Protein chains: 2
Amino acid sequence: MLKLSKKADYGLMALQHIASNQYGDVAHARVVNTKEIAEEYHIPVELLAKVLQTLSKSGIIESHNGPKGGYLLGKNPREITIARVLESLEGPLGIMDCAHEKDGDACMQREHCNIRTPLLKIQSSIYQLLNSMTLQDMLGGTPLITIQSVATEQQGVER
Amino acid sequence: MLKLSKKADYGLMALQHIASNQYGDVAHARVVNTKEIAEEYHIPVELLAKVLQTLSKSGIIESHNGPKGGYLLGKNPREITIARVLESLEGPLGIMDCAHEKDGDACMQREHCNIRTPLLKIQSSIYQLLNSMTLQDMLGGTPLITIQSVATEQQGVER
DNA sequence: ATAGTCTCCGACTAAATGAGTCGCACAAAA
DNA sequence: TTTTGTGCGACTCATTTAGTCGGAGACTAT
């Protein structure tokens, strides 16, 4: 229950990847393209492309066309909240159907609905949670910290 | 995104209804049957029936056969957590596919997966949230506009 | 006892959504 | 101007969810 879509998964992976190439201890930002990410994580390219396009439209990343093109973060990782990313890819958070209804088009059971208020409360708590976590937080959590010790000897990193 | 299924909605509504008939200000418990609930909230009877059967199997409610039969809560509303109800109807909470995987059958991107850990953390937070809220809390929330004025008789409000 | 309700349960169909594919237009660097 | 990449929309296929149907068994009232 409450599962995220693949798009969301892929999007988060890609962002994590882009971010660590851009803000890692490698001194200069590196543009990373769709194909590279798709291969690294075994994601179908076309699907990932669509995901990245969506993120780009939302301003979370910026696209650069042409050869040597690819994607870069549109903002600092600290300013990119998980909530924002998920909303961009899956639409607004809505625990129940009637989450954002205007008073007009209510669901069939609205008039006697006894669970709307408590569910809205839960929803708001979840939103707060997602909104308080940023891409930066996801960066910290990965192996990646160990890079410090072996930083000297590899930059290209392909298996 | 993160929408609950209709089954979950219906289940919660039904539970709320059953609970308020059983623990409401009417002194004695009243058995309520599927048809009654279905009509009250405009839910297809057969579907609601299935939902109630599921809840019954989980021990959340008890069924009583025959004429004058129907359902009663299996436990005190304070002991019925939202998490339990949702799990019963929608299966275990799993933000991502690989939430409960054994090490064997990992997803395709598992080896390089960089988002599993932070997502598990989010998931656990959500679970905590759902597990800390009980049917009792949903009962209190219904009349709800008047709560501010009658703040004297708060009972369960934990946080 | 027996008739009439009511729960119980599994199998089924239909609708909605999600995952993934294809093909081509457009942009920019070399 | 050619190459390499993004941008974008329409499309198919798979999975899940919502809702339906029909009948077996349980219980109570009469």
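Nothing here was measured: the structure is a model prediction, and the numbers come from that model. Chain letters run A, B, ... following the sequence lines, proteins first, then strands; residues in each count from 1.
Applying the side-chain contact (heavy atoms from CB on, under 4.5 Å) test to B:Ala14 and every residue at least two apart in sequence or in another chain returns B:Ile37, B:Leu48, B:Leu52. Considering only residues two or more places apart in sequence or on other chains, A:Thr54 meets the side-chain hydrogen bond (donor to acceptor under 3.5 Å, both in side chains) condition with none of them. Scored by the side-chain contact (heavy atoms from CB on, under 4.5 Å) test, B:Leu73 finds B:Leu15, B:Ile18, B:Ala19, B:Gln22, B:Tyr23, B:Ile61, B:Pro77, B:Ile80, B:Leu135 as partners (sequence neighbours excluded).
Grouping Ile, Leu, Val, Met, Phe, Trp and Tyr residues whose side-chain heavy atoms lie under 4.5 Å apart, directly or via other members, places A:Leu72 in a hydrophobic cluster with A:Val31.
Residue A:Asp9 contributes atom CG, which lies 10 Å from atom P of C:dG20 at whole-angstrom precision. The interatomic distance linking A:Glu62 (CD) with C:dA27 (C1') rounds to 16 Å, in whole Å. Between the NZ atom of B:Lys3 and the P atom of C:dA16 there is a distance of 11 Å, given to the nearest Å. Atom-to-atom, OH of A:Tyr41 to C1' of C:dA19 comes out at 21 Å; the value is rounded to the nearest Å. Taking atom CG on B:Leu2 and atom P on D:dT17, their separation rounds to 13 Å, with Å as the unit. With rounding to whole Å, A:Leu89 atom CG is found 13 Å from C:dG18 atom C1'. For the pair B:Leu48 CG and C:dC6 P, the interatomic distance rounds to 15 Å; values are reported in whole Å. One atom, NZ of B:Lys35, and another, P of C:dG4, lie 16 Å apart when rounded to the nearest Å.
B:Thr34 has a side-chain polar atom (N or O) that falls below the 4.0 Å cut-off from OP1 or OP2 of C:dT7.
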statement: Each nucleotide of nucleotides 19-30 of chain D classed B (base within 4.0 Å of a protein heavy atom), S (only sugar-phosphate) or -, in 5' to 3' order, makes BB-----SBB--
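B:Glu90 places a side-chain N or O within 3.5 Å of a backbone atom of B:Ser5 that can act as its donor or acceptor partner. Side-chain N or O atoms of B:Thr134 include one that pairs as donor or acceptor with a backbone N or O of B:Gln136 at under 3.5 Å.
As judged by a 4.0 angstrom heavy-atom cut-off over every strand, A:Lys57 is placed among residues touching the sugar-phosphate backbone only.
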I'd like a table of donor-acceptor pairs (distance under 3.5 Å, sequence neighbours excluded) in which one partner is a side-chain atom from residues 121-129 of chain B, with atom names and distances.
residue: B:Gln123; atom: OE1; partner: B:Ile95; partner atom: N; Å: 2.8
residue: B:Ser125; atom: OG; partner: B:Lys121; partner atom: O; Å: 3.2

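Along DNA chain C, the nucleotide closest to A:Ser5 and the one closest to B:Gln53 are compared, and the more 5′ of them pairs with B:Gln53.
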